[in-house]
Undergrad: 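Take a look at this one; I'll ask things after.
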Amino acid sequence: MLENLEKERAALDANRELITAMSHDIRTPLTVLLGYLDIMKLNAVDEDMQQYLEASERTALRLKKMSDDMFGYFLVYGGGIEVDVQECDARTLVDQMLSGHVFLLREQGYEIDFNFEGESNEFLSDVVVVTDPPQLMRIVENIFSNVMKYADKEKRVTVFVGAETDEMTIKVCNSVAKNPDMAQKNGIGLRSCLKLANAMDIRFSSVEEDGEFTSLMYVPIIPNIEYSDD
């Protein structure tokens, strides 16, 4: 029995490495491709070319979604995940994680309220969080991907970041659009977010109530302890 369990564990580890590598290897060139397509769309010479570029973009986005779903299904159904938790500067992490997504949503026509708790020049100063940055980025990407797919463009999207004594809060709220694609939503993305968060000791929740969808997570902070001269 022990030998069989060891073989099963080894097979699971091999599958995890394969799925993770494939997901990364697919996403990287697709991200570059989507960037090139955006540039080409700005310089399309005629209507036919514009349609071809938009069709290519839709195809690339479908492939990206398949890659994300593949990783998500493995997280939810394929076993555990390894995380590399480390100390990170909170301000740098927030800039890297959120600013690009907020900018992209604004480019797509969404109105965004990006709120920080405290003065901007002092906010997150000397705050150190404990997390795995790439895995935390996966959670953030999933949250904003859902906003892009399901949020009502006629309503504002609110992004809030705050810091308490022992946790940094990241909260994203949006109104849900009456979208026919909602019927095909399987919830795998949010379940993978929850599993990633649990692995990093991050509190994560998502709730839809009265047409409003909220994603909320609390990232652990290292307390700033001041020592006396004594």
Side-chain angles (χ1 to χ4, degrees), residues 23-24 26-27 30-31 33-35 37-38 41 53-77 81 94 96-116 134-162 168-200 202-219:
S23 178
H24 178 270
I26 293 172
R27 286 169 58 90
L30 278 177
T31 300
L33 175 60
L34 287 167
L37 288 171
D38 280 337
K41 283 165 60 180
L53 290 172
E54 290 176 356
S56 299
E57 183 180 47
R58 288 194 297 271
T59 301
L61 288 171
R62 283 200 300 271
L63 288 172
K64 183 175 181 297
K65 183 179 183 303
M66 291 170 63
S67 172
D68 293 339
D69 287 348
M70 177 176 65
F71 186 81
Y73 274 107
F74 180 77
L75 279 181
V76 174
Y77 299 115
I81 181 171
V94 166
Q96 292 176 346
M97 287 193 310
L98 300 181
S99 299
H101 290 293
V102 170
F103 174 79
L104 182 58
L105 284 175
R106 284 174 174 158
E107 288 292 301
Q108 295 294 323
Y110 292 88
E111 293 189 14
I112 313 293
D113 287 332
F114 195 5
N115 301 319
F116 291 93
Q135 303 297 6
L136 184 62
M137 180 64 78
R138 286 187 180 274
I139 297 176
V140 172
E141 287 178 347
N142 207 308
I143 291 172
F144 280 92
S145 175
N146 281 345
V147 172
M148 188 79 72
K149 288 186 288 187
Y150 305 119
D152 186 349
K153 281 190 176 183
E154 301 299 319
K155 306 288 182 62
R156 287 182 175 272
V157 176
T158 301
V159 180
F160 171 81
V161 181
M168 179 177 71
T169 305
I170 300 176
K171 183 178 182 181
V172 182
C173 302
N174 64 270
S175 297
V176 180
K178 295 180 180 179
N179 191 327
D181 291 340
M182 287 292 290
Q184 302 175 7
K185 191 175 181 181
N186 54 28
I188 287 295
L190 291 175
R191 277 183 278 176
S192 64
C193 285
L194 181 59
K195 192 158 188 176
L196 282 169
N198 288 339
M200 294 183 285
I202 291 173
R203 293 194 291 139
F204 175 85
S205 64
S206 58
V207 61
E208 182 178 346
E209 186 175 357
D210 297 329
E212 295 293 319
F213 190 85
T214 301
S215 296
L216 182 63
M217 60 179 167
Y218 300 93
V219 184

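From a predicted model like this one, the values you see are computed outputs, not experimental measurements.
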Undergrad: Between atom CG of Leu196 and atom CD1 of Ile139, what is the distance when rounded to the nearest 0.5 Å?
TA: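 One gets 5.0 Å once the value is rounded to the nearest 0.5 Å.
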Undergrad: Please list, chain by chain and in numerical order, all residues satisfying side chain to side chain contact (heavy atoms under 4.5 Å, CB included) with Ser206, sequence neighbours excluded.
TA: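 Ser206 satisfies side chain to side chain contact (heavy atoms under 4.5 Å, CB included) with Leu190, Phe204, Phe213, Ser215 once adjacent residues are dropped.
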Undergrad: Test your reading of the model: is there a side-chain donor-acceptor pair from Asn198 to the backbone of Leu194, 3.5 Å cut-off?
TA: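 Such a contact is found between Asn198 side chain and Leu194 backbone.
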Undergrad: By side chain to side chain contact (heavy atoms under 4.5 Å, CB included), which residues pair with Met137, not counting sequence neighbours?
TA: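 Here the qualifying residues are Met97, His101, Glu141.
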Undergrad: Thr214: what forms a side chain to side chain contact (heavy atoms under 4.5 Å, CB included) with it, not counting sequence neighbours?
TA: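 Thr214 satisfies side chain to side chain contact (heavy atoms under 4.5 Å, CB included) with Lys171, Cys173, Val207 only.
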Undergrad: Going by side chain to side chain donor-acceptor pair (under 3.5 Å), name the residues that satisfy it together with Glu212, two or more places apart in sequence or in a different chain.
TA: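 Counting only residues at least two positions away or on another chain, Glu212 forms a side chain to side chain donor-acceptor pair (under 3.5 Å) with Ser175.
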Undergrad: To the nearest 0.5 angstrom, please state how far the CZ atom of Phe144 sits from the NZ atom of Lys149.
TA: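 Rounded to the nearest 0.5 Å, the CZ-NZ separation comes out at 14.5 Å.
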Undergrad: Once salt bridge (charged side-chain N to carboxylate O under 4.0 Å, His left out) is applied, do any residues pair with Arg156, and if so which ones, sequence neighbours excluded?
TA: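 Partners of Arg156 under the salt bridge (charged side-chain N to carboxylate O under 4.0 Å, His left out) test: Glu111, Asp113.
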Undergrad: Do the side chain of Tyr110 and the main chain of Leu104 share a donor and acceptor less than 3.5 angstrom apart?
TA: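 Judged by distance alone, no pair lies under 3.5 Å.
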Undergrad: Quick one: pull up CZ in Arg58 and CG in Leu37 and give me the separation to the nearest 0.5 Å.
TA: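 It comes to 11.5 Å.
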Undergrad: Calculate, to the nearest 0.5 Å, the distance between atoms CE and NZ belonging to Met200 and Lys195 respectively.
TA: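 Rounded to the nearest 0.5 Å, the CE-NZ separation comes out at 13.5 Å.
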Undergrad: If I compare all heavy atoms of Gln108 with all of Lys153, which pair ends up nearest, and what's the gap?
TA: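 What the structure gives for the nearest pair is O-NZ, 2.7 Å.
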Undergrad: Is there a side-chain contact between Phe114 and Leu98, using heavy atoms and a 4.5 Å cut-off?
TA: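 Contact flag for Phe114/Leu98 side chains = yes.
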Undergrad: Return the set of residues passing side chain to side chain donor-acceptor pair (under 3.5 Å) with Lys41 (not counting sequence neighbours), or none when no residue passes.
TA: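 By the side chain to side chain donor-acceptor pair (under 3.5 Å) rule, Lys41 matches Glu57.
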